[in-house]
Participant: 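Let me begin by handing over the structure; questions about it come next.
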There are 2 protein chains.
Amino acid sequence: MPDRKDARHLHDLFQVPPGRTLDICLKIHGAILEHRLAPGTKLSEDEVGEIYGASRTVVRAALQALAHTGLVTIEKNRGAFVAKPSIREAHEIFEARALIEPRVARMTAKSITEKDLDRLQAHIDAEHQALHDGDMGKALFLSGAFHTTIADIADQQVLARMVRSLISRSSLIIAMYWQRADTACESHSHHALMKAFAEHDSDAAEDIQKSHLIDLHSGLNLVEVRQQHDSLKDILRTG
Amino acid sequence: MPDRKDARHLHDLFQVPPGRTLDICLKIHGAILEHRLAPGTKLSEDEVGEIYGASRTVVRAALQALAHTGLVTIEKNRGAFVAKPSIREAHEIFEARALIEPRVARMTAKSITEKDLDRLQAHIDAEHQALHDGDMGKALFLSGAFHTTIADIADQQVLARMVRSLISRSSLIIAMYWQRADTACESHSHHALMKAFAEHDSDAAEDIQKSHLIDLHSGLNLVEVRQQHDSLKDILRTG
DNA sequence: TGCACATTTATTGTATACAATTTAGATTGT
DNA sequence: ACAATCTAAATTGTATACAATAAATGTGCA
């Protein structure tokens, strides 16, 4: 799914030597972003290693890199799990995004080219297509990719890396706390942003991105978590 | 050097299981922050492992964690080196700090307690003492610690982690590009910040932190690089 | 039945051995 | 003397084996 350019940027995110380790990072990262891996899922070293035909040494390095990015939690002597961001962490992450991404959008508006605009438009189109196909996971993945691509265009490596990490974690938060059925609300903001970019309107880009993120934040139902453990009992009892 | 509380926060920074791996991270981290390890120094796995009596497996994990934080660069089939931030990276890092830290200072001013103020004052005092003793490395370390402690007090884990990483990398930048002989310029800002904190003046704290960071940024001579090499064993053994 | 404790099992933590790759030095030819 | 090439040493990449730890199971007793 992620094209070659994304892979290079993701390599920066994970900071692991290229090769199998990076491959595994990318695969798990993608699975989490597309919501194929639920928060809390255990990632056993043996299991992952068997799936990708790699030894535990390599898998371990990948899991540690993912832990550093905040997508995975490693508990001593217990293993690695897909992270389950707390409500508090969720607030912090979206507040951080609201601080950083508007600034990045401002920079992007200044330096964006026609070619970059096409790239972003392609993301939007692909997202619409995915929504039309009913592939929610892919749509969400592409929605995040839109944001990371903006950071790439701004060509600010330090901020881009922070943004990438925050967006990946946001994907977990959305998996846990999203309440609205429609993701269509985003489309409008993304389009407005495109317009500001096309006109190189830095102020507008910054403002739009800021309110877009505040919208996203408020669209979360950051109140309670559903527990999967109890449900097992309920399910078996009724059966 | 780092007290127990710092160690807990640093554990969050590196995201490695506690134990030898974390120890090695902390030792190398400290050596870099105190400028005992120069940018570009090679960190051979065997050599580091021998110094700390750990196997390469553990050392590798530590080096990868440090690479993730941006303090170390790993080149495929070549090994790990203390990072040498480029001029461009240096600009980006200080711009990122100027974006994030003022916001953090604002939060800190709101929630700071008497005890926290004492903690910060202790940092300032220790820094003066180190300067008086002529221990430049320690003084710089403590100057950074002042900033990270502010982030800890704000009690924003997500932002605090970013700040910690940025400050650690700043230490490398200062090692490479610092031109002024006096670090005294900082003392004034730190004192002004303390006053704002004591009065819970959020606006002032934000402003002071912002101009403080701009000062630091402009105090760098981001033009050329010098290089030097020392024996790993001599530098790390004392830590 | 319920609880405490011992045992078994499974999984991670660590060390070590081997393979792949790079680097440095020596050798050779011009 | 200089350059190119090849060989050997050193270093990293990877796999695997063993040790340590935590969870799960089973047992005995009140």
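Worth knowing before you read on, the calculation uses all heavy atoms, side chains too, and leaves out hydrogens, waters and symmetry mates.
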Participant: To the nearest angstrom, how far is A:Asp23 atom CG from D:dG13 atom C1'?
Facilitator: 15 Å
Participant: Under 3.5 Å, is there a donor on one side chain and an acceptor on the other for B:Thr113 and B:Asp116?
Facilitator: yes
Participant: Counting side-chain heavy atoms from CB outward, which of C:dT16, C:dT12, D:dT12 is closest to B:Ser55?
Facilitator: C:dT16
Participant: Nearest to the B:Glu45 side chain among C:dT16, D:dA15, D:dT12, which nucleotide is it?
Facilitator: D:dT12
Participant: Taking CD from B:Glu50 and P from D:dA10, how many angstroms apart are they, rounded to a whole number?
Facilitator: 13 Å
Participant: If you check the A:Arg60 side chain, which of D:dT16, C:dT12, D:dT12 turns out closest?
Facilitator: C:dT12
Participant: For A:Phe14 and A:His29, take the angle between the two ring planes, folded into 0 to 90°, and tell me which bin it lands in: parallel under 30, tilted 30 to 60, perpendicular over 60.
Facilitator: perpendicular
Participant: Do side-chain atoms of B:His68 reach the backbone of B:Leu13 as a donor and acceptor pair under 3.5 angstrom?
Facilitator: no
Participant: Are A:Thr21 and D:dG13 close enough that a side-chain N or O sits under 4.0 Å from OP1 or OP2?
Facilitator: no
Participant: Remember a base hit wins even if backbone is also touched, and classify B:Arg56 as base, sugar-phosphate or nothing at under 4.0 Å, heavy atoms.
Facilitator: base
Participant: Please state whether the phosphate of C:dT14, meaning OP1 or OP2, lies under 4.0 angstrom from any side-chain nitrogen or oxygen of B:Thr57.
Facilitator: no
Participant: By nearest heavy atom, map B:Asp46 and A:Val58 onto DNA chain D; which one lands nearer the 5' end?
Facilitator: B:Asp46
Participant: Is the count of non-hydrogen atoms from other residues, nucleotides or ligands lying under 6.0 Å from B:Gln121 atom CD greater than 12?
Facilitator: yes
Participant: Flag the pair B:Phe146 / B:Ile124 as yes when at least one side-chain heavy-atom distance between them is below 4.5 Å, and no otherwise.
Facilitator: yes
Participant: Which residues within residues 64-78 of chain A lie with some heavy atom under 4.0 Å of an atom in DNA chain D?
Facilitator: A:Asn77, A:Arg78
Participant: What is the distance, to the nearest angstrom, from the CG atom on A:Leu63 to the P atom on C:dT11?
Facilitator: 14 Å
Participant: Rounding to an integer number of Å, can you tell me how far A:Leu22 CG sits from D:dG13 P?
Facilitator: 14 Å
Participant: Answer yes or no: does atom CD of B:Glu95 have more than 12 heavy-atom neighbours from other residues, nucleotides or ligands under 6.0 Å?
Facilitator: yes
Participant: Would you check if B:His217 and B:Leu213 make a side-chain contact, meaning some heavy-atom pair closer than 4.5 Å?
Facilitator: no
